[in-house]
Amino acid sequence: MQTIKVKASKEYDVIIGQGVLSLLGKKIKELFGDVKVCIVSDDTVASLYSEKAKKYLGEENIKNELFVFPHGEKSKSPEVLFELLEFLASKHFSRKDVVIALGGGVTGDLTGLGAAMYMRGMHLVQIPTTLLAMVDSSVGGKTAVNLKSGKNLAGVFNQPELVLCDLQMLLTLSSEIFSEGVAEIIKYGVIADRALFELVKNGELVENIENVVARCVSIKSEIVSEDEFDTGKRNLLNFGHTLAHSIEKMSEFKISHGNAVAMGMLLISEIAWKRCLSKERCQDEIIDALLENNLPVSCPFTNSSLYYATENDKKSSSGRISIIVPEEIGNCKILNIALAEFKELLEL
Ligand code: GLY
């Protein structure tokens, strides 16, 4: 078991290990005292883990309720958010009580925002159940729901007060969902840690899963401690994501986030090398890492269609865009450039 401290506007522990869900009741008592808990989960995860979570809360005599919503990105909506808020009110939760997000990225984002809004803020605990949520979305406090106009448009920064990453939960993931998390791990390797990158490229992830999750969380923790509100360095975490958002959107979300990030990382690395923005040719090693982990190495969209989708997305940000380019594996830089320059980089 390993514990990583995150030092942002709130200081909290991310506990990583096999079976750490069993600490739930004890930790809630220790951190919050005599409180009531609302577990929030989608129907898939609830059927796998909500009874277990309730059992560990029950062992400490912690009263709890369960709010279940339909799985999938569609539920990351203002409608489901307000259903959650109404549920909390109907069960007489107060601001001293605790909401637990038990699930993947959708659950974490929705619950985190609900916890910030209900009575202007109640306690939040994240229990990520996917690899992607463990290494990325459960840590750092970004929460949001989607609006009709776009993804993540309504949200706040709301740090959790505890994150429990129970690695046993990874056993119930399909290989596709597991790979989505691996794309984010490759991202951490490229932006900050060549040794981590090599380990994943060499197919040694599974046997090192605890150390790998801990390393990713610790990279994220360092970045978030420096730039919690995403005005500078935190942008590094968007390596591969600018194009990925356009890829996801153009595929009408048929291409998963992880697969889109894989394509986005590769495309931007190829562009960076061609335009002499990199010190080393990173794309070949990135291809090896993606192939080793069943991630895609080609994108179904042309550079020109990606550019126009990205331009559309960035209309509100004064004609500029931040792109993250690898100088070498383990070291990336942030370039804030005009959209016209981005267009040139894409050779349009
Ligand atoms: N997932 C990127 C970030 O938390 O900033």
Side-chain angles (χ1 to χ4, degrees), residues 4-10 12 14 73 76 101 103-113 115-116 124 126 128-146 150-161 163 165 177 179-193 196 212-249 253 256-265 268 313-314 317 321-326 332-334 336:
I4 311 289
K5 272 215 178 309
V6 182
K7 291 183 181 152
S9 48
K10 285 179 200 159
Y12 54 96
V14 182
E73 184 76 20
K76 214 172 114 169
V106 169
T107 306
D109 277 17
L110 174 77
T111 311
L113 182 54
L124 171 67
Q126 292 274 2
T129 58
T130 64
L131 184 58
L132 189 146
M134 287 184 194
V135 297
D136 198 41
S137 57
S138 67
V139 178
K142 279 191 178 173
T143 75
V145 292
N146 303 328
K151 234 176 118 93
N152 294 332
L153 287 184
V156 296
F157 288 94
N158 182 27
Q159 301 293 339
E161 286 164 81
V163 183
C165 297
I177 305 272
S179 292
E180 288 209 56
V182 184
E184 295 288 347
I185 295 171
I186 293 172
K187 172 192 87 178
Y188 283 107
V190 179
I191 64 173
D193 187 340
L196 170 68
V212 167
V213 173
R215 181 66 188 124
C216 293
V217 170
S218 127
I219 294 169
K220 182 147 189 185
S221 161
E222 271 170 44
I223 292 176
V224 167
S225 305
E226 249 184 74
D227 178 26
E228 177 174 358
F229 299 110
D230 206 4
T231 56
K233 192 173 181 185
R234 189 164 179 167
N235 241 295
L236 284 174
L237 296 170
N238 280 337
F239 171 57
H241 282 60
T242 309
L243 290 172
H245 289 154
S246 301
I247 292 168
E248 279 180 272
K249 221 167 164 186
F253 297 94
S256 70
H257 179 69
N259 281 353
V261 168
M263 296 171 195
M265 291 191 293
I268 202 72
D313 209 36
K314 300 288 163 194
S317 30
I321 187 171
S322 285
I323 56 166
I324 319 306
V325 296
C332 283
K333 63 183 171 194
I334 304 166
N336 186 262

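Counting convention: from 1, in listed order, for ligands and their atoms alike.
At a threshold of 4.5 Å between non-hydrogen side-chain atoms, the residues N158 and K10 count as touching. At least one side-chain heavy atom of D136 sits less than 4.5 Å from a side-chain heavy atom of K187. Counting only heavy atoms from C-beta outward, the side chains of N152 and D109 approach each other to under 4.5 Å.
For atom 1 (N) of ligand 1, the nearest protein heavy atom (residue, atom name, distance) is D136 OD2, 2.9 Å. Looking from atom 5 (O) of ligand 1 to the surrounding protein, the closest heavy atom is R234 NE, 2.7 Å.
Neither side chain, T130 nor E180, offers a donor N or O lying under 3.5 Å from an acceptor on the other. Checked by atom type, the side-chain pair H257/E248 shows a donor-acceptor distance below 3.5 Å.
Residue contact check: L237 has heavy atoms under 4.0 Å from atoms 2 (C), 3 (C), 5 (O) of ligand 1. If you number the atoms of ligand 1 from 1 as listed, the ones under 4.0 Å from a heavy atom of K142 come out as 3 (C), 4 (O), 5 (O).
Within the 4.0 Å heavy-atom shell around ligand 1 one does not find D230.
Residue K220 touches ligand 1 through its side chain alone, judged by heavy-atom distances below 4.0 Å.
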